[in-house]
Amino acid sequence: MTGKQQVQVDRIGKTGVIRLDRPDVLNAYTPDMGDELVDAFRTLASDSEVCAIVLTGKGRAFCVGADRNFLNGEKGQNGLRLGEEDFIGGFATELLTIAKPTIAAINGKAVGLGCTMLLPLDFRIAADSASFSFPFARLGLMPGMGSTFLLPRIVGDVAAREIMFGSAVLDSGAALRAGLIGEVVADDRLQDAAMRLAATFETADAATLAAIKSTLNGAAVRAMNIAVETELRKARECLAARSAMHKQEPIPT
């Protein structure tokens, strides 16, 4: 497969590999990256030769969240502002319905959106140097991608509140203990570990695997639709409230 501007897509044997490809800015997310991610996942999901899909980042970080320029309202090359693209606007639910196993290989920092995009995937493997930051409450940003539903489902309600309310930063060990990830490996073994897990699904019956995943995620898909819609609405409300507050602040003299 040919490389793309912000996302690289390859097929290695029977495993599809998606790499976030903005290593010079630690794979900071943009609306264009979101569109490329949607296209990449859909392409690999429809490829009958692909048995599993791995998502990772190029360079020394997985994804440090949204690019600051786009947090300030800049439009991507696709003409969309942050949150208007399908990836944030509703693709998390579609990720749950992909019939093939999906695996995150987290190299280095995952911040904000870099964390929430991991939650709809089936498996999460982290490098020893990986860290996970949920700065939403501190920054005045509403978490998205159905994370208000998925995080409690993954780590439990109490832990999810501690993480979200406290803008927590977790190292790989803490993330493993919380259940956010399923495995920690040495940095130089991360890609091999992800590919090895992906290869285990090559011998499974694809139709049965898809049926099991669909059944496991059936109730979650219905709840996710509500969560994503609510998150987007609350995000607009938070933004409007913050903008109104700034307008009312006195001008410094």
Side-chain angles (χ1 to χ4, degrees), residues 15 17-20 26-29 52-66 92 95-96 98 101-139 141-201 212-213 216-217 219-221 223-224 227-228 231:
T15 301
V17 180
I18 303 171
R19 293 184 178 89
L20 308 182
L26 304 181
N27 296 318
Y29 175 90
I53 302 170
V54 173
L55 173 66
T56 191
K58 272 192 164 186
R60 57 192 178 91
F62 175 73
C63 173
V64 293
L95 273 175
L96 287 179
I98 289 176
T102 53
I103 303 163
I106 305 110
N107 52 304
K109 291 183 177 180
V111 180
L113 183 56
C115 287
T116 58
M117 73 169 68
L118 301 171
L119 302 182
L121 304 185
D122 296 310
F123 302 94
R124 288 168 292 279
I125 303 173
D128 186 63
S129 65
S131 63
F132 303 82
S133 177
F134 294 80
F136 302 102
R138 176 171 54 81
L139 297 178
L141 298 172
M142 184 69 192
M145 296 200 71
S147 57
T148 54
F149 167 76
L150 288 173
L151 189 62
R153 185 172 188 248
I154 293 167
V155 304
D157 186 71
V158 172
R161 290 171 189 270
E162 291 174 348
I163 290 169
M164 287 290 196
F165 290 6
S167 298
V169 179
L170 308 176
D171 62 20
S172 58
L176 181 65
R177 291 190 294 273
L180 181 62
I181 57 177
E183 184 179 2
V184 178
V185 299
D187 288 26
D188 60 359
R189 291 185 52 236
L190 178 64
Q191 300 305 316
D192 287 344
M195 296 301 290
R196 187 164 54 251
L197 175 59
T200 64
F201 302 113
I212 293 171
K213 180 172 177 177
L216 284 170
N217 288 349
V221 169
M224 276 283 285
V228 170
E231 287 169 355

Report summary line: Shortest non-hydrogen pair, Ala92 vs Pro120, comes out as O-CB, 3.9 Å
Report task. Working to the nearest 0.5 Å, report the span between CD1 of Ile125 and CD1 of Ile181. Result -> 9.5 Å
Query raised in the report: What's the spacing between Met164 CE and Met142 CE if we round to 0.5 Å?
Result: 8.0 Å
Query raised in the report: Out of curiosity, Asp192 CG to Leu197 CG, how far, rounded to the nearest 0.5 Å?
Result: 12.5 Å
Query - Check: Arg124 side chain, Ile106 main-chain N or O, donor-acceptor pair, under 3.5 Å - result: no
Extract all donor-acceptor atom pairs below 3.5 Å that involve side chains of residues 144-155 and protein atoms in other chains or at least two apart in sequence.
residue: Ser147; atom: OG; partner: Gly144; partner atom: O; Å: 2.8
residue: Thr148; atom: OG1; partner: Glu231; partner atom: OE2; Å: 2.6
residue: Arg153; atom: NH2; partner: Leu216; partner atom: O; Å: 3.2

Query raised in the report: Does Asp128 offer a backbone N or O that forms a donor-acceptor pair with the side chain of Asp187 under 3.5 Å?
Result: yes
Report summary line: Exactly one of Leu26, Leu55, Asn27 clears side chain to side chain contact (heavy atoms under 4.5 Å, CB included) with Phe62, and that residue is Leu55
Report task. To the nearest 0.5 angstrom, please state how far the OG1 atom of Thr102 sits from the CD1 atom of Ile18. Result -> 9.5 Å
Query raised in the report: Can you list the residues that meet the side chain to side chain donor-acceptor pair (under 3.5 Å) rule with Asp188, with sequence neighbours excluded?
Result: none
Query raised in the report: Checking side chain to side chain contact (heavy atoms under 4.5 Å, CB included) for the pair Leu180/Leu119: CA distance, chi angles, key distance, verdict?
Result: CA-CA 8 Å; Leu180 181 62; Leu119 302 182; 3.7 Å; yes
Query raised in the report: Taking atom CG of Leu96 and atom CG of Asp122, what is their separation to the nearest 0.5 Å?
Result: 8.0 Å
Query raised in the report: Do the side chain of Lys213 and the main chain of Ile98 share a donor and acceptor less than 3.5 angstrom apart?
Result: yes
Query raised in the report: Between Leu190 and Ala127, which heavy-atom pair has the shortest distance, and what is it?
Result: CD1-N, 3.7 Å
Report task. Heavy atoms only: give me the nearest Val64-Ala61 pair and the separation to one decimal. Result -> CG1-CB, 4.3 Å
Query raised in the report: Between atom CZ of Phe132 and atom SG of Cys115, what is the distance when rounded to the nearest 0.5 Å?
Result: 6.5 Å
**Report entry** Residues that Tyr29 engages under ring-ring contact (aromatic ring centres under 6.0 Å, His included), provided they are two or more places apart
**Finding:** Phe87
Query raised in the report: Of all heavy-atom pairs between Leu118 and Ala110, which one has the smallest distance, and what is that distance?
Result: CD1-CB, 4.3 Å
Query raised in the report: What are the two closest non-hydrogen atoms of Pro135 and Val111, and how far apart are they?
Result: CG-CG1, 4.1 Å
Report task. Spell out, as yes or no, whether a donor-acceptor pair under 3.5 Å connects the side chain of Ser167 to the backbone of Arg138. Result -> yes
Query raised in the report: Backbone N or O of Arg60 within a donor-acceptor pair of the Asn107 side chain at under 3.5 Å?
Result: no
Report summary line: Heavy-atom closest pair (Ala105 atom, Thr56 atom, distance to 0.1 Å) is O-OG1, 2.8 Å
